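Note on naming: letters A, B, ... go to the chains in the order of the sequence lines (proteins, then strands), and numbering restarts at 1 for each one. Because the structure is predicted, anything quoted here is derived from the model rather than measured.
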Amino acid sequence: MLSKVYDPKPVEAKWAEAWQAERLFISAPNPDRKPFVVVIPPPNITGALHMGHALNNTLQDVLVRYQRMLGREAYWVPGTDHGGIATQNVMEKMLKAEGKTRHDLGREEFLKRTWAWYAECGNTILGQLRKLGCSLDLNADNVRFTMDDKRAASVFEEFRSLWDKKLIYRGERMINWCTRCGTALSDIEVEHEDEKSKLWHIRYAFEDGSGSVTVATTRPETMLGDTAVAVHPEDERYKGKTGKKLKLPLTDRLIPLLADEGVEKGFGTGAVKVTPAHDPLDFEIGQRHGLENIRIISYEGKMTNCPEKYAGLNVQAARKLIVEDLNAAGLLEKEEHYKHSVSKCSRCNQHIEPLVSEQWFVKMKGLAAPAAAAAENGDVKFYPPSWKKPFTEWLGNIQDWCISRQIWWGHRIPAWYCRSCSGAGLKFSDKGELSRVSFAQGAKPVISFAKPAACPDCGGTDLLQDPDVLDTWFSSALWPFSVFGWPEKTKELAYYYPTSVLVTGYEILYLWVARMVMSGIEHMGKPPFSQVYLHGIVRDKHGKKMSKSLGNVIDPLTMIEKYGTDAMRFSLMAQTLGGKDIPFSDDAIIGGRNFVNKLYNVARFLQMYLPETPAPLTAERPGELADRWITERFAGALARSKAAMAEYDLPKAQDALYAFVWDELCDWYLELAKPRLAGPDKEKVLGLMLDLFTGALKALHPFIPYITEELYSTLKPYLKTGEAFLLKAAWPEPGAAGTGASAQMEELMAVITQIRAARAQFEIPPGKQIKVLAASSDPAALERLRTGAGYVKLLAKVEDLALGADIQKPPRSVSAISGQFNIYVPMDGAVDLEKEKARLAKELERVQRDSAQCLERLRDPSFMGHAPAAEVEKIKARASDTQGKMERLTAILEELK
RNA sequence: GCGCAGUUAGCUCAGCGGUAGAGCGCCUCUCUUACACAGAGGAUGUCACAGGUUCAAAUCCUGUACUGCGCACCA
């Protein structure tokens with residue numbers, strides 16, 4: 001006999017291995033079948049998988065396994081993402097531990113190391129996906145990487161084609177600069193956070209001595225780059241003063257006071273200092289008035305282009321010193337506490353410096369419009385649907401996308417410059433490497449994947465590649481078709497594109513999903529998927545975001561080690577609803593583990609009765625009430641589960657099966673079957689149990705693949721037909737329901753429950769066989785109970801069940817009411833009369849309340865006049881039912897007096 | 001500031017017009033040869049608040065309050 005408790009570890013390892021070795025998850029174009037395609041959101045190669053990955057990949061796996069069992073040509077395409085800044089940061093952290101920076105290594109050596117890291121980390125991630133039970137073919141020939149050769153070809157094609165269409169351009173714009181990461185970022189890689197700060201009021205005096213203007217600012221240090229002060233054109237306070245010059249404090253520069261609609265009259269003093277090089281609004285004002293952009297903060301975050309005193313200071317230090325100097329000069333009018341929103345780098349949490357810089361951009365408006373239309377007209381559908389609006393609104397307000405990053409790890413921008421023709425447009429580092437490019441100062445690009453043999457203008461051969469790399473999302477945007485070899489016209493691309501559903505967290509809806517939709521339409525002519533399933537974030541049990549600093553991180557691998565993969569998957573699926581965030585804890589997993597153990601024990605139970613030498617059982621099936629009932633219940637559970645799957649309601653789909661197995665198959669049917677397994681019906685009953693249980697295993701397989709595959713493999717030899725692997729089996733078809741067995745069975749179940757309750761409350765020892773009497777004035781009901789007497793005797797431990805229309809309550813007995821029946825349980829000794837009275841009185845009260853409610857409604861003319869007939873009938877039936885119960889209860893209570 | 005979600009049993013959440021539900025936790029009994037990772041029984045709720053619609057509201061509408069999340073140039 002097997003152990004009482006299931007040990008998932010060896011079982012999960014065995015099947016994970018077998019599935020990969022047999023290559024059961026590989027797919028090939030098959031014109032006879034409809035494909036079901038999912039591309040994995042490729043995990044960044046930044047370390048181990050976390051709980052979010054566990055959720056994301058389990059969701060996909062459930063969908064893919066389910067569709068595979070429904071007969072679709074299922075293909076879930078695996079891969080990893082090079083992860084741009086995120087990965088570079090990981091590398092830099094490791095270097096820091098060695099006391100080095102990437103500059104100590106140089107670009108080439110740094111990239112060599114990162115590729116080595118990719119080999120290591122990429123494999124770790126694939127191993128972890130395998131552990132999660134993902135039905136991904138993880139053999140090397142099937143795994144993609146966003147920076148492998150084929151994907152590099154896709155990225156180049158994307159760049160070239162957008163460049164040719166003039167959708168990629170280079171220009172000087174306000175961008176978000178992270179001084180820690182040392183690169184530009186796109187707008188959506190910036191997070192906003194409220195921060196306590198101060199609002200400083202600074203006085204700028206007019207050149208002509210006619211007083212002054214006071215500006216309010218949260219960033220006094222940027223005043224060194226001011227090129228104007230602006231007020232609203234209709235602000236009375238500044239009537240006649242605009243156009244005059246102001247003396248910029250701490251410098252010898254003069255700046256104009258000008259009028260601009262962008263200034264809000266109500267805020268502060270109504271006058272705003274204008275620093276076009278370091279503030280987005282100021283940049284716009286500057287553009288409108290032709291102001292000069294004076295960059296006083298360097299890419300390193302240090303003061304520059306300013307009086308020597310401040311040069312080289314970091315922003316914080318400069319702020320402190322400047323405030324002191326202004327105060328000393330009597331120009332600081334006041335300082336107030338102020339809370340405002342600051343920009344932070346989503347990768348390293350450092351403050352972002354907005355600054356003007358020449359970068360590569362993609363023009364987005366024209367790309368966004370068809371993507372928004374696809375969402376509007378339903379070509380791309382969202383689950384939950386509430387994401388459609390934010391999606392289309394974001395596309396509607398889209399800004400151009402800054403795609404160049406001043407880092408090393410990534411797809412290098414395929415632009416080359418001739419050293420002699422580009423002249424002053426090329427800037428070099430101390431080491432003589434090309435460090436920055438300026439088209440404004442004369443750099444001329446040649447777009448090419450490989451180094452061009454010669455400069456098309458002068459024929460020179462000294463060409464240098466652009467030092468920047470592309471935003472990591474630039475390659476991710478192509479993922480649903482680059483994985484199939486685009487721009488090559490492969491047969492995979494033709495068969496699998498567009499994919500079926502994209503499953504991802506809502507936090508990358510704009511960063512990734514929107515861009516995939518745009519590039520899919522642009523390059524393939526169709527959106528890359530028709531459905532988007534957006535899930536929430538896995539949080540700790542209190543709903544807090546998991547983070548290393550809070551110490552509340554739950555590691556999926558630890559959970560798997562402790563409870564098994566199936567248990568973790570089960571509990572994740574039980575909680576992921578409506579795209580909401582998921583509070584997760586050890587406690588939550590235990591329910592999953594217990595269920596897996598329950599299944600395991602059902603199999604153990606069956607094995608006790610199955611012959612030792614496996615052979616298919618008889619094809620005959622039993623047909624008594626319990627058999628018809630359980631068959632009907634299974635059909636219902638399958639139907640509910642299937643319907644829920646169609647709506648992406650995975651918890652409901654799973655729960656329907658869970659409830660069937662536990663509450664019906666185990667708690668009732670299996671108990672009822674026990675004696676029959678020792679009798680002549682043994683093989684037929686066993687056959688039905690095997691049908692139902694293996695059916696449930698199939699239906700549950702997408703959720704808990706390991707235990708179901710394992711149990712199926714042990715039971716398969718007893719089945720007439722069986723597939724080699726459960727995962728290749730067909731998902732069971734719901735059979736017919738509504739044979740009437742349920743109502744009849746439930747009547748008996750209610751009687752059993754009543755007897756059990758009486759036993760428990762009057763402390764009749766659980767093992768003791770008792771005598772029970774049941775009376776009813778309804779002969780048909782009595783007949784039904786007579787037929788089902790065996791069930792009652794078995795499950796309520798009754799050795800003698802007396803039935804009759806005129807049965808009287810025996811003295812020293814406990815009473816209960818169930819449906820049509822008065823049930824009496826004679827007691828050995830004296831009955832605690834007070835307890836019995838209290839129990840019945842409580843029941844009477846409940847019935848009375850119900851009855852009164854029904855009668856009141858039936859007396860209410862507006863109810864009778866308005867409610868649908870069916871509803872009225874229902875209430876009438878309830879009224880008569882409760883009336884009967886009341887009378888019977890009252891009679892019993894009367895007798896007890 | 002604008003928008004979107006949420007507010008139901010101690011906890012996590014279902015239910016979304018016709019008698020308040022599940023899982024976990026809690027209490028009582030039971031190690032009955034599938035399972036104590038179990039079985040049987042039990043307790044627990046002005047369904048955030050205020051209005052409205054309706055014969056009937058946890059469920060629909062309006063508003064308020066909190067909570068969370070997006071978006072936003074208020075210096």
Side-chain angles (χ1 to χ4, degrees), chain A residues 1-2 4-6 174 192 199 215-219 222 230 262-264 266-275 279-285 338 340-341 354 384 386-387 389-390 393-394 397 506-507 509-510 536-537 541-543 563 567 571 574-575 577-585 587-588 590-609 651-652 655 658-659 663 666-667 670-671 674 753 756-761 763-767 795-797 846 849-850 853-854 857 860-868 870-872 874-875 878 882:
Chain A
M1 178 57 75
L2 294 161
K4 283 183 173 188
V5 175
Y6 172 61
M174 176 61 61
H192 302 277
L199 192 59
V215 300
T217 181
T218 52
R219 302 209 50 190
T222 62
V263 181
E264 203 153 318
F267 189 90
T269 59
V272 59
K273 58 192 265 328
V274 181
T275 322
D279 181 277
L281 173 66
D282 295 2
F283 180 73
E284 283 176 29
I285 295 176
Y338 189 66
H340 71 138
S341 159
S386 52
W387 284 108
K389 194 178 165 192
E393 280 181 0
W394 184 78
N397 298 325
Y506 62 74
E507 74 275 14
L509 179 65
Y510 309 134
I537 295 166
K541 66 193 294 185
H542 307 292
Y563 303 106
S571 45
Q575 294 176 81
L577 193 82
K580 277 187 281 199
D581 289 350
I582 298 166
F584 200 80
S585 68
D587 306 348
I590 287 173
R593 181 202 58 181
N594 294 355
F595 181 57
V596 170
N597 191 242
K598 190 82 181 174
L599 291 171
Y600 167 80
N601 274 290
V602 174
R604 278 181 74 225
F605 174 80
L606 290 172
Q607 274 174 324
M608 278 173 43
Y609 296 95
K652 201 191 266 176
D655 187 62
Y658 166 88
D663 303 339
C666 290
D667 287 350
L670 196 144
E671 292 302 327
K674 279 178 182 174
T753 302
R756 283 169 166 178
R759 292 181 66 124
Q761 278 157 38
E763 283 152 22
I764 298 173
L795 297 186
K797 293 248 162 60
R846 208 181 56 78
R849 211 182 313 128
D850 198 8
Q853 229 173 56
C854 291
R857 284 216 247 170
D860 181 353
S862 47
F863 173 77
M864 297 303 283
H866 290 89
E871 185 58 27
V872 175
K874 238 168 78 183
I875 299 294
R878 231 168 79 201
T882 48

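- Heavy atoms of A/Val274 sit nowhere under 4.0 angstrom from any nucleic acid atom.
- Rounded to a whole Å, the CG atom of A/Asp282 is 7 Å from the C1' atom of B/A75.
- The nearest heavy atom of RNA chain B to A/Phe863 and to A/Thr269 marks one nucleotide each, and the one closer to the 5' end goes with A/Phe863.
- A/Tyr338 comes within contact range of the sugar-phosphate backbone alone, with a heavy-atom separation under 4.0 Å but no base atom that close.
- When the P atom of B/G70 is taken as reference, atom CD of A/Glu393 falls 16 Å away, rounded to whole Å.
- The pairing partner recorded for B/C60 is B/G52, the criterion being a Watson-Crick or G-U wobble arrangement whose two distances lie under 3.5 angstrom.
- A 3.5 Å limit on both hydrogen-bonding distances identifies no Watson-Crick or G-U partner for B/G17.
- Across all strands, A/Asp860 comes closer than 4.0 Å only to sugar-phosphate atoms, never to a base (heavy-atom distances).
- The backbone N or O of A/Asp850 sits nowhere less than 3.5 Å from a side-chain atom of A/Arg878 that would complete a donor-acceptor pair.
- Judged by distance alone, the side chain of A/Asp581 and the main-chain N or O of A/Ile537 form a donor-acceptor pair under 3.5 Å.
- Checking the phosphate oxygens (OP1, OP2) of B/U67, no side-chain nitrogen or oxygen of A/Lys580 falls inside 4.0 Å.
- A sub-4.0 Å separation between OP1 or OP2 of B/C4 and a side-chain N or O of A/Lys389 is present.
- When the C1' atom is used for both B/G3 and B/C27, the distance is 47 Å, rounded to whole Å.
- At least one cation-pi condition fails for A/Arg593 and A/Tyr563: the charged atom is not both under 6.0 angstrom from the six-membered ring centre and inside a 45 degree cone around its axis.
- Nucleotides B/U33 and B/A40 have their P atoms positioned 16 Å apart, rounded to a whole Å.
- Using a 4.0 Å heavy-atom criterion, one finds that A/Phe283 contacts no nucleic acid atom at all.
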**Request:** Treat primed atoms plus P, OP1 and OP2 as sugar-phosphate and everything else as base, then score nucleotides 24-40 of chain B 5' to 3': B for base contact with protein heavy atoms under 4.0 Å, S for sugar-phosphate contact only, - for none.
**Result:** -----SS---BB-BSSS
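- Using N1 to N3 plus N6-O4 or O6-N4 for Watson-Crick, or N1-O2 and O6-N3 for G-U wobble, each under 3.5 Å, B/A22 pairs with B/U12.
- Here A/Arg878 lies in heavy-atom contact (under 4.0 Å) with a base.
- The two atoms that bring A/Pro354 and A/Pro280 nearest to each other are CB-CD, 4.0 Å, heavy atoms only.
- When both pairing distances are held under 3.5 Å, B/G1 makes a Watson-Crick or G-U pair with B/C71.
- Smallest separation of non-hydrogen atoms from A/Gly536 and A/Tyr506: CA-CE2, 3.5 Å.
- Side-chain atoms of A/Arg759 come within 3.5 Å of backbone N or O of A/Ala796 as a donor-acceptor pair.
- Nucleotide B/G6 has B/C66 as its partner under the Watson-Crick or G-U criteria, with both atom distances under 3.5 Å.
- Nucleic acid contact class of A/Thr217 (heavy atoms, under 4.0 Å, all strands): sugar-phosphate only.
- When Watson-Crick and G-U wobble pairs are counted only if both distances are under 3.5 Å, B/C31 pairs with no nucleotide at all.
- Counting only heavy atoms from C-beta on, A/Gln761 has its side chain closest to B/G42 among B/G42, B/C13, B/C55.
- For A/Phe267, counting side-chain heavy atoms from C-beta on, the closest listed nucleotide (B/C13, B/C74, B/G18) is B/C74.
- Rounded to a whole angstrom, the distance from the C1' atom of B/U54 to that of B/G6 is 26 Å.
- Atom CD1 of A/Ile582 is separated from atom P of B/G6 by 16 Å (rounded to the nearest Å).
- Between the OH atom of A/Tyr510 and the P atom of B/C69 there is a distance of 15 Å, rounded to whole Å.
- Taking atom C1' in both B/U59 and B/G52, the straight-line distance is 15 Å, to the nearest Å.
- Side-chain proximity of A/Arg857 to B/G18, B/A75, B/G3: nearest is B/G18.
- One can place CD of A/Gln575 at 7 Å from C1' of B/U12, the figure rounded to the nearest angstrom.
- The P atoms of B/U44 and B/G10 are separated by 12 Å, rounded to the nearest whole Å.
- B/C71 and B/A14 have their P atoms separated by 24 Å, given to the nearest Å.
- Pair assignment for B/C37 gives none, since no Watson-Crick or G-U wobble pairing has each distance under 3.5 Å.
- Atom-to-atom, NZ of A/Lys273 to C1' of B/C74 comes out at 15 Å; the value is rounded to the nearest Å.
- Spacing between B/C47 and B/C11 at atom P, rounded to whole Å, works out to 16 Å.
- Taking the P atom of each, B/A56 and B/G51 are spaced 16 Å apart, rounded to whole Å.
- Counting to the nearest Å, the C1' atom of B/G70 and the CG atom of A/Asn397 are 13 Å from each other.
- When the P atom of B/A75 is taken as reference, atom CZ of A/Arg219 falls 12 Å away, rounded to whole Å.
- No engagement by A/Pro280 is indicated, since no non-hydrogen atom pair under 4.0 Å with the nucleic acid exists.
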